[in-house]
2 protein chains.
Amino acid sequence: MTPQDSHADTAARVWQGMRAFVLELYDRRKEAGDALDMSFVRAKALRYVGLEPMTMRQLTAILATDAPYTTVVVDDLERRGLVERSVHPGDRRVKIVTATEAGKAAAAVVQAIMDRPPPPMLDLDPADLAALERIIATLVGESAPQEPST
Amino acid sequence: MTPQDSHADTAARVWQGMRAFVLELYDRRKEAGDALDMSFVRAKALRYVGLEPMTMRQLTAILATDAPYTTVVVDDLERRGLVERSVHPGDRRVKIVTATEAGKAAAAVVQAIMDRPPPPMLDLDPADLAALERIIATLVGESAPQEPST
DNA sequence: CTCAATAGTTGTACGTCTATAACGTTTGTA
DNA sequence: TACAAACGTTATAGACGTACAACTATTGAG
């Protein structure tokens, strides 16, 4: 907060702090992968499929990869008995990926690791946490459309 | 905010929202790499070396990789004329990596891309932004020690 | 001086992810 | 019926990152 501190300067500083908090101090991606002995992309795929069955195409979009790699990932998860493929009733071209019971359990493990709030966040006093919740909701809500592509 | 909403539940929800904001909506790592036509790890290395010269060992710690890969990364940056190696005066085992002028310029590009605040953050009203700055400072400040290793 | 420890490099192997082309199957349309 | 489009798979090549072993040069302690 220097004398000439502009709104944009403050925003930049806040953004840097938030990035450091999420990416440097409490990035759980490695931990999630290690817990299931698989790469993070596979764990991420399983996490989403565990929430609800989806098509290969939808999964490809979530993983932000291409179709062939999604095949590889789902092949691997299927070999581990964590997901199953079935044909979409009504369009036999489409495959639906569903988590097995074991898959849902593993997905829940990933979810728990990712969602576990960092200690400093738990240490916030209730008023600050409530304020933060409201502001984060604003940020995320306003971001429905992805960032304009570069 | 359900009737039985606990502090921990709220924190978990806020954490998820913050993660989504940083990692899903405004992850700039790919953009940074593309801008310099190099992998993100190289861009990250350059960004830090651009701030201040450091030893290979320090750079290895920042990149969270091992020494051999740091050698590969610095070799590449050196081949591009973006950094230079020099011997540490006082300990000839140690090499100091310094950004050239071109390297500093490229580092600034990366820095600018990473630090550019997302539009929704700029759209916050000043009071909310100030509150957010204070809370983020608390979170990051309290996080000096890394998360207890798994 | 001797020797263990440190910093960095070289080489190798592997898992992971990206990207592209080609293919079979199925669908919907002309 | 013929044909273009969509969905998923197979195959391949290559960049990227991780991990480990072995090596040189240098330093500092005994």
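Naming: A, B, ... by sequence-line order, numbering from 1 per chain.
Asp66(A) has its CG atom 13 Å from the C1' atom of dT12(D), to the nearest Å. Atoms CG (Leu36(B)) and P (dC16(D)) sit 13 Å apart, rounded to a whole Å. A straight line from CZ of Arg57(B) to C1' of dT27(D) spans 14 Å, rounded to a whole angstrom. For the pair Asp75(A) CG and dT16(C) C1', the computed distance is 15 Å after rounding to whole Å. Distance, Arg42(A) CZ to dT18(C) P: 11 Å, rounded to whole Å. For Leu63(B) and dG8(C), the CG to C1' distance is 15 Å, given to the nearest whole Å. As a whole-Å value, the separation of Arg92(B) CZ from dT9(C) C1' is 16 Å. In this structure, the CZ atom of Phe40(A) is 16 Å from the C1' atom of dG17(D), given to the nearest Å.
Both Val72(B) and Pro68(A) sit near DNA chain C, but only Val72(B) has its closest nucleotide nearer the 5' end. For the pair Arg93(A) and Met38(A), both in contact range of DNA chain C, the more 5′-proximal nearest nucleotide belongs to Met38(A). The nearest heavy atom of DNA chain D to Asp91(B) and to Tyr69(A) marks one nucleotide each, and the one closer to the 5' end goes with Tyr69(A).
A donor-acceptor pair shorter than 3.5 Å cannot be found between the side chains of Arg57(B) and Thr60(B).
Checking the phosphate oxygens (OP1, OP2) of dG17(D), a side-chain nitrogen or oxygen of Ser39(B) falls inside 4.0 Å. At least one side-chain nitrogen or oxygen of Lys95(B) sits closer than 4.0 Å to the OP1 or OP2 atom of dT9(C).
The pair Arg79(B)-Asp75(B) does not meet the salt-bridge criterion, since no charged nitrogen lies less than 4.0 angstrom from a carboxylate oxygen.
The CD1 atom of Ile96(B) sits 11.0 Å away from atom CD of Glu52(B), with the distance rounded to the nearest 0.5 Å.
Between Met114(B) and Trp15(A), the shortest heavy-atom contact is O-NE1, 2.8 Å. Residue Ala102(B) comes nearest to Gly81(B) through the heavy atom pair CB-O, 4.2 Å, listed as atom of the first residue, atom of the second, then distance.
Here Thr65(A) lies in heavy-atom contact (under 4.0 Å) with sugar-phosphate atoms only. At the heavy-atom level, Thr70(B) lies nowhere under 4.0 Å from the strands shown.
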